[in-house]
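Here is the structure we will look at.
Heavy atoms only: backbone and side chains are in, while hydrogens, waters and symmetry mates are out. In each ligand, atom 1 is the first atom listed, and ligand 1 is the first ligand listed.
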Amino acid sequence: MAFLALETSCDETSAAIVKSGRVLSNCVSSQIELHAEYGGVVPELAARAHLTNLRPVIDEALAQAGTSISDLAGIAATAGPGLPNALIVGLRAAQAIAFSLGIPFYAINHHEAHLYSPWIGREEGFPAGLRPNISLIVSGGHTLLVRVDGLGRHMVLGSTLDDAAGECFDKVGKLLGLPYPAGPVVDRLASQGDPKAFSFPRPLLSDLGHDFSFSGLKTAVRYCVRDQADRLHEIQFVKDICASAQAAIVEVLVAKTIRAARQANVRYVTASGGVTCNSQLRNDLARAAQAEGMELILATPAYCTDNAAMIGILAEAFASVGKPPTDLDADVNPNWDLSHAFN
Ligand code: KG4
Ligand code: ZN
C-alpha cells in the first residue's frame, strides 16, 4: 500500500508516491518562469498556479508509479513553513482525498522533511538506514544547522540571524544583473572566476555559536559593485565577483557544519535544500568531511530543491512507527518552527 504526498509550500507544485521507504514517483511542476519577471516569488500567483497544476501533477505521479488512488494507504501534505495561500492548496486537497477515501492524513513540517531527504534512496531504505548526524539545510528562505538523533528526534543548533544563504546567492546575482533565481548562474560563472579576486567578509566564521549571518556579505558585494559599476560589462569582473562571494558563503557553511559535527561527535554529516545543488559546497563539504573521517550524505539534486518525495517518505516513516495521523480539520502553519515539528 502506497502513500501519496503533496508539496505546495512555495513555487513548486509537487506530488509523489512512496512505498516501503522508497520513492515510486516524484513529479514537480516548477513556476520559475512565472515569477522570473518579478525577480522573486509572488504569493498570489503561486497559489493560483498550484490550483491549476495540482490535479495534473497528482495524476502524473499516480500514473508513473502505476498506482491507482484506491491503492493508497495514506496521504501527506506540507503544512508549513511556507506561503499561507500556497500551503492551503496542497493541504486542503490532501485532507479532501483522505476524507473521501477514509485513509490517514499526515501534516508534515517542510524543514523536517528536508532534514531526512539525504537518506532517500539509500540501500537500507528509510527510516532503517537513518544514523545520528549533523544536518545543514540551506535554501532560498532558510539556513539551519540541526543535530539529528533519530526519527523525529532533532535539535536546531543554529539558524541565520538575517538573510538565508540562497537569498544571498540570489541578491549577489541580482546586483550583477543575472536572472532569477541567480544561485545556479552564480555557481556556473564562479567556476570561471578567481575566488581570491575580492576579499569579502566571512560573517560569524570565528564565532563559536552555530548561527549564520549573510546580510553583511551581501552589503559588501553591493558596495564593491557600486564602486566599480563601470566594470559590470566585463564578464571576467562578474565571474570574479561570483567566485569571491561564493567562496565566502561556502567557507562559512562548511566550517560551521563540520565544527558542529565534531562537537556532536557524530560520524555522519548531511545537507539538503536548494543551495546544496551548489558545486563548490558539495565539493568542499566532501573534502572537509573526509579530512575529519566523517561520512557526507548529500541529498541528490532532485531531493535538494522542493519536492513531495521527501514529504511522503517522512509521513510513511511516521506511520510505520505508530505516530497518530493529523486531524482532518488541521490548518496550515506558515511559521511552523522546526524546533516544534515533533510536538
Ligand atoms: O530549496 P529551494 O528550492 O527553495 C526554497 O527556498 O525553499 O532553494 C532555492 C534556492 C534559491 O535561492 C536558489 O538560488 C538556490 O536555492 N540554488 C543555488 C543553486 N541551485 C539553487 N544556490 C547556489 N548554487 C546553486 N547551484
Ligand atoms: Zn525547501
Heavy atoms only: which of S9, S279, G183 lies closest to atom 22 (N) of ligand 1? G183

Part of N278 within contact of ligand 1 (heavy atoms, under 4.0 Å): both

Taking 4.0 angstrom as the limit and counting only heavy atoms of D187, give me the atoms of ligand 1 inside it, by number and element. 24 (N), 25 (C), 26 (N)

Are D227 and R222 ion-paired here, with the side-chain N under 4.0 Å from a carboxylate O? no

NE2 (H114) - the Zn ion (ligand 2) - NE2 (H110) angle, nearest 10°: 90°

Only one of E112, H111, E7 passes side chain to side chain donor-acceptor pair (under 3.5 Å) with T78; say which it is. E7

Name of the D306 atom (N/O/S only) found closest to the Zn ion (ligand 2): OD1

G274 N/O under 3.5 Å from ligand 1 N/O: yes

With the threshold set at under 4.0 angstrom, would you say C10 reaches ligand 1 through any of its heavy atoms? no

So the atoms of ligand 1 within less than 4.0 Å of a heavy atom of C277 turn out to be 20 (N), 26 (N)

Is the gap between the ring centers of F214 and F169 under 6.0 Å? no

Taking T52 for its side chain and R48 for its backbone only, find out whether a donor-acceptor pair lies under 3.5 Å. yes

Heteroatom distance test (E12, ligand 1): nitrogen or oxygen, under 3.5 angstrom: no

Would you confirm whether the ring centroid of Y303 sits within less than 6.0 angstrom of the ring centroid of W119? no

Quick one: which ligand 1 atoms are inside 4.0 Å of a heavy atom on G141? 6 (O)

Under 3.5 Å, side chain of S25 to main-chain N/O of A16, donor-acceptor pair present? no

Could you check whether any side-chain heavy atom of V221 comes within less than 4.5 Å of a side-chain heavy atom of K218, counting everything from C-beta outward? no

Inter-residue atom distance T270.OG1 - L296.CG, 0.5 Å rounding: 8.0 Å

Between the main-chain N or O of R188 and the side-chain N or O of S191, is there a donor-acceptor pair closer than 3.5 Å? yes

Does an N or O from T305, backbone or side chain, lie closer than 3.5 Å to an N or O of ligand 1? no

With respect to the Zn ion (ligand 2), please indicate if C10 possesses an N, O or S atom at a distance under 2.8 Å. no

Nearest-neighbour protein heavy atom for atom 15 (C) of ligand 1, which is reported as residue plus atom name and distance: V275 CG2, 4.0 Å

Identity and distance of the protein heavy atom lying nearest atom 7 (O) of ligand 1: D306 OD2, 3.3 Å

Looking only at distances, please establish whether an N/O atom of ligand 1 is found under 3.5 Å from an N/O atom of G140. yes

Any N/O pair G166/ligand 1 closer than 3.5 Å: yes

Are the side chains of K256 and H210 in touch, meaning some heavy atoms are under 4.5 Å apart? no

Atom 13 (C) of ligand 1: which protein heavy atom is closest, and how many Å away? D170 OD1, 3.8 Å

Is the distance between the ring centroids of F318 and Y106 under 6.0 Å? no

